[in-house]
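Scroll down for the structure; my scribbles are underneath it.
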Amino acid sequence: MTIVSDYDAATRYRASRELDLRARKVIPGGGHLSGRPLVDTETTPLYFQRAQGCRIWDVDGNEYIDYLLAFGAYLLGYAHPEVEHAAREQAQNGRLLSLNHPRHVEFIEALLPRFPGAEMGVFFRTGSEATTAALRIARRATGRRRVVRCGYHGWHDWCVPREDFVPLGLDEQVLEFSANDPSSLEPIFARHPQEIAAVILAPEMVLPHRPTVFHEVARITRSHGAAFIMDEVKTGVRIDPGSVSARIGLVPDLLTVSKALGSGFMVAAVLGRRAIMEAGNGMHYSGTLHGDTAAMAAALKTLQVVEEQGVRSHVFKLGEILIAGLNTIAEEEGVPARAYGEPLAPMPFLRFEHADAEIQKNMITAFYREVLAQGILLHPRHMWFLSAAHTFQDVARTLEAARLAMRVAREALRHA
Ligand SMILES: Cc1ncc(COP(=O)(O)O)c(C=O)c1O
């Protein structure tokens, strides 16, 4: 491998760039936030055509080992044959039927024994729906209105920045605490005695990963009569032995899961203790497409393959190798960067650290342009994901590319 940073980017990503220009005329901003350029539209790919396993091809025909996997929607890799087959077979009898289908019951029955404390469940299509429903269930169960959060739980009004024109007064209802400092919950409960229904927390918000923090957040929450919700939309199914909650011996009151569960099919669930979930009885949180049996068939097959093939320990091992390799390379090449699990090894990330913001930005830009030119899709602002489809050779190749990219980043450091 040689450094390719002097490639002709305009040629390499021409079709991507053209699509971006078209999109800007018909889609506000050219796309959603999750479709933002990796670095910029001139020097990094923006549109992708197809994917298989852990490989993805952009619209210009460039191939990549993909560590984004549609923001973690895949744990088995793209287009997994058994999962696709299960979904297709189910769809042949109609994906969505009037009223109920046996799959709905089977789906929830399959999930319950896999998540700690889960005695009842409800199904949805996206993580945002699941977290929103979990809070609503908790509000009804406790008879209280306010909730406490920190970090990202979806795009709905209650968890986007205030300046995004959320309805007036909503920020009074949705309070924020600091995940890494459980004691920050106490003054919030003190200000609103008997008013807070739930605290919701996603495992990747606690960095570095410390099990005691989750136990403490849960303890404080319950001591004030509120429900503790673990948002495992990213970590559920993916993290050995099936959730971060199970890994750290924590039984949340409610738990949300999506992403890895569906292998790209739209499926999500809220699971939890019977006493709280019963509050969902008679509550309106249904959507026309919630009962998609093909997505549930895909999820059931995903669970089976993940468990039979030891996928969770595979992604852990690969993540550890990638993290250790990146840290060795950064040290050997003299680049101020640090790799770590966000929160754990199957979800790695690399942080460049420099006191000068401009230098830091230049290093990030140089590194990601180069790895992408080397055929490795790593995201500069979002954690990465390993899958069953990644091999040890893929990770070795990724580390080779990362070494070259670190050298380019180091140059950027010099020329700053
Ligand atoms: C922790 C967490 N909760 C909720 C969501 C929202 O899920 P979705 O994008 O499927 O609506 C996400 C999405 O990234 C997430 O990471």
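Just so it is clear, the values below take in all heavy atoms, side chains as well, and ignore hydrogens, waters and symmetry mates. The first residue of the sequence shown is numbered 1, and numbering continues consecutively from there. Given the structure is predicted, the values throughout are model-derived calculations rather than measurements. Start at 1 and go down the list; that is how both ligands and their atoms are numbered.
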- Could you go step by step and tell me if Val267 and Arg125 meet the side-chain contact (heavy atoms from CB on, under 4.5 Å) rule? CA-CA 4 Å; Val267 72; Arg125 298 275 277 166; over 6 Å; no

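The protein atom (non-hydrogen) at minimum distance from atom 9 (O) of ligand 1 is Ser128 OG, 4.4 Å. In this structure, atom 16 (O) of ligand 1 lies nearest to the protein heavy atom Lys234 NZ, 2.7 Å. At the shortest separation from atom 10 (O) of ligand 1 among protein heavy atoms lies Gly127 N, 2.9 Å.
Between Trp384 and Phe349, the ring-plane angle classifies as perpendicular under the 30° and 60° cut-offs. In this structure, His104 and His101 have tilted ring planes: the angle between them lies in the 30° to 60° band.
In the vicinity of Asp231, heavy-atom distances shorter than 4.0 Å reach the ligand 1 atoms 1 (C), 2 (C), 3 (N), 4 (C). The atoms of ligand 1 that sit less than 4.0 Å from any heavy atom of Lys259 are 13 (C), 14 (O). Per-residue contacts place Val233 under 4.0 angstrom from the following atoms of ligand 1 (heavy atoms of the residue considered): 2 (C), 3 (N), 4 (C), 5 (C), 7 (O), 12 (C), 15 (C). Each of the atoms 4 (C), 5 (C), 6 (C) of ligand 1 lies under 4.0 Å from some heavy atom of Gly154.
Distances from ligand 1 to the non-hydrogen atoms of Tyr152 include at least one value under 4.0 Å. Note on ligand 1: Glu204 sits in its first shell, one or more heavy atoms being nearer than 4.0 Å. Within the structure, ligand 1 lacks Glu129 among the residues with a heavy atom less than 4.0 angstrom away.
A donor-acceptor contact shorter than 3.5 Å is absent between the side chain of Thr44 and the backbone of Arg369. A distance-only check finds no donor-acceptor pair linking the side chain of Arg312 to the backbone of Gly310 [under 3.5 Å].
Using a 3.5 Å distance cut-off with no hydrogens or angles, the side chains of Thr43 and Asp40 do pair a donor with an acceptor.
Ring-centre distance between His379 and Tyr67: not below the 6.0 Å cut-off.
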